Amino acid sequence: MKDVILRKLKDSKGEFVSGEELSSGLGVSRTAVWKCINELKKEGYVIDSSSKKGYKLSYVPDIINPWEIKEGLDTETIGKSVHCFSEVDSTNNYAKTLAQKGCDDGTVVLAERQTQGRGRLGRSWDSTDKKGIWMSIVLRPAVGLEDVQIITLAASVAVASALKKAMDVNAGIKWPNDIVLDGKKVCGILTEMSMEMERVNYLVLGIGMNFSQQESEFPKEIRDRATSLGIYLKEKHGLDISGFRRSHLVKTILSELEEVYDTIKEGKVGVIIEEWKKYSVTLGKEVLINYKEEQYIGTAQDIDQNGRLIVRLSDGTVREVLSGEVSV
Ligand code: BT5
């Protein structure tokens, strides 16, 4: 019922809607409408009430709920099912549980806060309450293990392109899939998967995007390496992040993600690679590769059709790097 009321208030574009219209439209009492309005107010929506004229929506907060995400979402598959929480341990964990129960391809899980947000290799991911986009998407592509890296690269392309479309922000991709702004990490992607008979059973794409944190809100040990869209927009363009909505960026990411996912389904991996190269801040640079116990320096020359980074070492040998850490 809350979503129908919200829809009507939004459709009335700042005009009052009478309590009578809302209650008769929904077939409920005016008290029930009033209760719903109070719940919406508690969530942060500013709704003016007048005993004569009814209710008027005057402010939509920057909150993550299924109505804000689904409203105007132009996708066919990704985001048809959306689960939102005020707190979870990790959206990737929750998404995995849903995937194991057989949820649809494209199911999305979002939380305002994660208590145990994860990075790769057991590292932790700082997920401050309401300050970022902490989101996981379940995908069920009909592919084998060798294609998983491309899907992860494609996700970083989708995020970089969504940042441009939704906020006019020019982000770079550091191999394999860190999204950076002026060399600082604004978003990380964690892909986890379940395999069955050498085929992917499901993938969980975890996307962590720093949105409105101030520098002091990051843990000390990552302050010099992490940034948020808020910090970047203020420093670079003098813009205030309060003029943007996380839900709008989420929708744009989901829409871009569907586009790259469709491209992969059509077998056009080359298109993804070319797009990735456009955003790359790694190619052509001298890089330090850390892979397990090994460390080596070389020049990042290219990425191949499987998403491996091609690195030429100073002695002329060429290495294909599938995973590891890259410092530019
Ligand atoms: C990543 O790992 O970059 C993947 C992060 C994925 C987070 C999302 S949030 C939604 C979903 N649910 C989860 O539980 N996870 C996913 P990695 O490349 O290993 O980077 C981790 C490192 O980044 C840490 O060791 C820190 O140094 C740094 N870091 C931690 N929190 C950060 C933050 N909020 N912003 C920037 N850097 C951060």
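Just follow the structure's listing: the first ligand is 1, and inside any ligand the first atom is 1. These numbers were taken from a predicted model, which means no experiment stands behind them.
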Derivation of the salt bridge (Lys or Arg N to Asp or Glu O under 4.0 Å) call for Glu256 and Lys165: CA-CA 9 Å; Glu256 293 299 299; Lys165 280 197 180 159; 2.9 Å; yes

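- Across Ile137, Thr115, Asp126, heavy-atom proximity to atom 31 (N) of ligand 1 is greatest for Asp126.
- For ligand 1, one of its N or O atoms has an N or O atom of Arg120 under 3.5 Å away.
- When hydrogens are left out, the protein atom nearest atom 10 (C) of ligand 1 is Thr91 OG1, 3.2 Å; that is the closest non-hydrogen contact.
- The distance from the CZ atom of Arg123 to the CZ atom of Arg118 is 13.0 Å, given to the nearest 0.5 Å.
- To the nearest 0.5 angstrom, Gln149 atom CD is 9.0 Å from Asp304 atom CG.
- Protein heavy atom closest to atom 1 (C) of ligand 1, with residue, atom name and distance, is Lys185 NZ, 3.7 Å.
- Side-chain polar atoms of Glu146 and Asn306 form no donor-acceptor pair below 3.5 angstrom.
- Side-chain atoms of Thr77 and Asp105 form no donor-acceptor pair, as typed in the model, at a separation below 3.5 Å.
- Residue Ser136 has at least one heavy-atom neighbour below 4.0 Å for each of these atoms of ligand 1: 11 (C).
- For atom 15 (N) of ligand 1, the closest non-hydrogen atom on the protein side is Arg118 O, 2.8 Å.
- Considering both main-chain and side-chain atoms, Ser90 comes within under 3.5 Å of ligand 1 through a nitrogen or oxygen pair.
- Among protein heavy atoms, atom 35 (N) of ligand 1 sits closest to Asn210 ND2, 2.8 Å.
- Protein heavy atom nearest atom 26 (C) of ligand 1, with residue, atom name and distance: Ile222 CG2, 3.6 Å.
- Of all protein heavy atoms, the one lying nearest to atom 30 (C) of ligand 1 is Ser124 O, 3.4 Å.
- Shortest contact from atom 38 (C) of ligand 1 to any protein heavy atom: Trp125 CZ3, 3.3 Å.
- Separation of atoms CD1 (Ile241) and CG (Leu233) is listed at 5.0 Å; rounding is to 0.5 Å.
- Shown here are the side-chain contact (heavy atoms from CB on, under 4.5 Å) partners of Leu313, two or more places apart in sequence or in another chain: Tyr296, Val311, Asp315, Thr317, Arg319.
- Between His83 and Tyr94, the ring-plane angle classifies as tilted under the 30° and 60° cut-offs.
- Taking 4.0 Å as the cut-off, Arg225 counts as a neighbour of ligand 1 on heavy-atom distance.
- Taking distance alone, with nitrogen or oxygen atoms compared against 3.5 Å, Gln213 stays at or beyond that limit from ligand 1.
- Lys35 NZ: 12 or fewer foreign heavy atoms inside a 6.0 Å radius.
- When only non-hydrogen protein atoms are considered, atom 12 (N) of ligand 1 lies nearest to Gln114 OE1, 2.9 Å.
- With values rounded to the nearest 0.5 angstrom, Ile137 atom CD1 is found 15.0 Å from Tyr202 atom OH.
- Heavy-atom distances between Ser127 and ligand 1 stay at or above 4.0 Å for every pair.
- Remark: Leu57 CG to Phe16 CZ distance equals 11.0 Å, nearest 0.5 Å.
- If you number the atoms of ligand 1 from 1 as listed, the ones under 4.0 Å from a heavy atom of Met135 come out as 10 (C).
- Side-chain N/O atoms of Thr75 and Ser255 include no donor and acceptor closer than 3.5 Å.
- Near Leu190, the atoms of ligand 1 lying under 4.0 angstrom from a non-hydrogen atom of the residue are 4 (C), 6 (C), 15 (N).
- The atoms of ligand 1 that sit less than 4.0 Å from any heavy atom of Gly117 are 14 (O).
- Remark: ligand 1 atoms within the under-4.0 Å shell around heavy atoms of Ile189 are 3 (O), 4 (C).
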